[in-house]
Amino acid sequence: QVQLVESGGGLVQAGGSLRLSCAASGLTFSRFAMGWFRQAPGKEREFVAAIARTSDRTYYADSVKGRISISRDNAKNMVYLQMNSLKLDDTGVYYCAAKYYSGIYAYTALSTVANEYDYWGQGTQVTVSS
């Protein structure tokens with residue numbers, strides 16, 4: 001049974017930092033690209049960042065470039081989201097997601113599209129206050 005468990009969310013003042021973690025189990029983690037998405041109240045779920053299976057490629061939403069960094073540790077089955085210079089608009093529930101790739105392009109493939117991901121965590125709340 002695949003499980004993705006997010007942690008590290010909380011309440012932080014604008015300009016502050018948080019590091020989210022996602023622990024994966026029940027899958028061959030190194031064969032999955034990983035993504036982070038977020039959903040603010042009354043809004044659709046949106047892409048934040050993604051990382052390919054070997055960390056050779058990452059991709060970020062324009063709204064978070066330069067402030068947020070995604071990384072992974074395949075030996076620990078973990079993916080992280082380091083968030084700096086947080087803004088009020090960063091408030092939301094943050095979800096970790098996993099997408100399996102196969103084939104010759106699998107090592108650098110990733111996706112920004114939520115419905116392409118195979119597995120999802122339950123989310124962790126991030127609230128940025130003024």
Undergrad: Kindly compute the distance separating CG (Leu27) from CG (Asn77), expressed to the nearest 0.5 Å.
TA: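 That separation rounds to 6.5 Å.
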
Undergrad: Only pairs at least two apart or in different chains count here, so list each disulfide (SG to SG under 2.5 Å) that has a residue in residues 42-71.
TA: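 Residue pairs passing disulfide (SG to SG under 2.5 Å), neighbours aside: none found.
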
Undergrad: Listed by chain and number, what are the side chain to side chain donor-acceptor pair (under 3.5 Å) partners of Thr108, not counting sequence neighbours?
TA: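 Checked Thr108 against side chain to side chain donor-acceptor pair (under 3.5 Å); zero matches.
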
Undergrad: With a cutoff of under 4.5 Å between side-chain heavy atoms, which Ile, Leu, Val, Met, Phe, Trp and Tyr residues group with Tyr107?
TA: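 In the cluster with Tyr107 there is nothing else; it is isolated.
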
Undergrad: Quick test of your reading: applying side chain to side chain donor-acceptor pair (under 3.5 Å), list the pairs with at least one residue in residues 7-34, sequence neighbours left out, ordered by first then second residue.
TA: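 Residue pairs passing side chain to side chain donor-acceptor pair (under 3.5 Å), neighbours aside: Ser17-Asn84.
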
Undergrad: Side chains of Trp120 and Arg45: does their closest heavy-atom pair fall under 4.5 Å?
TA: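 A side-chain contact under 4.5 Å exists here.
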
Undergrad: Sorted by first residue and then second, give each salt bridge (Lys or Arg N to Asp or Glu O under 4.0 Å) pair with at least one member in residues 47-63; sequence neighbours left out.
TA: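 Every salt bridge (Lys or Arg N to Asp or Glu O under 4.0 Å) pair that includes a residue of residues 47-63, provided the two are not neighbours, is Asp62-Lys65.
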
Undergrad: Report the residues that fulfil side chain to side chain donor-acceptor pair (under 3.5 Å) with Glu116, sequence neighbours left out, ordered by chain and then residue number.
TA: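 Partners of Glu116 by the side chain to side chain donor-acceptor pair (under 3.5 Å) criterion, ordered by chain and then number, come out as Ser111.
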
Undergrad: Other members of the hydrophobic cluster containing Met78, with the 4.5 Å side-chain heavy-atom rule, please.
TA: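 Same cluster as Met78: Tyr80.
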
Undergrad: Disulfide (SG to SG under 2.5 Å): which pairs involve residues 41-130, sequence neighbours left out?
TA: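 Counting only pairs at least two positions apart or across chains, the disulfide (SG to SG under 2.5 Å) contacts touching residues 41-130 are Cys22-Cys96.
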
Undergrad: Would a 4.5 Å heavy-atom cut-off, applied to side chains only, mark Trp36 and Ile68 as touching?
TA: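 They are not in side-chain contact.
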
Undergrad: How would you list all residue pairs meeting side chain to side chain donor-acceptor pair (under 3.5 Å) that involve residues 91-104, not counting sequence neighbours?
TA: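 Side chain to side chain donor-acceptor pair (under 3.5 Å) check on residues 91-104 returns Arg38-Tyr94.
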
Undergrad: Would you say the side-chain atoms of Glu6 pair up with the backbone N or O of Gln122, donor to acceptor, closer than 3.5 Å?
TA: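 Flag set: sc Glu6 to bb Gln122 pair under 3.5 Å.
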
Undergrad: Scan for salt bridge (Lys or Arg N to Asp or Glu O under 4.0 Å) pairs involving residues 71-87, sequence neighbours excluded, and state none if there are none.
TA: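 Pairs touching residues 71-87 that pass the test: none.
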
Undergrad: Arg67: what forms a salt bridge (charged side-chain N to carboxylate O under 4.0 Å, His left out) with it, not counting sequence neighbours?
TA: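 Arg67: salt bridge (charged side-chain N to carboxylate O under 4.0 Å, His left out) contacts with Asp90.
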
Undergrad: Can you run down the disulfide (SG to SG under 2.5 Å) pairs that involve residues 101-130, sequence neighbours left out, and say none if there aren't any?
TA: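 Output for this query is empty, none listed.
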
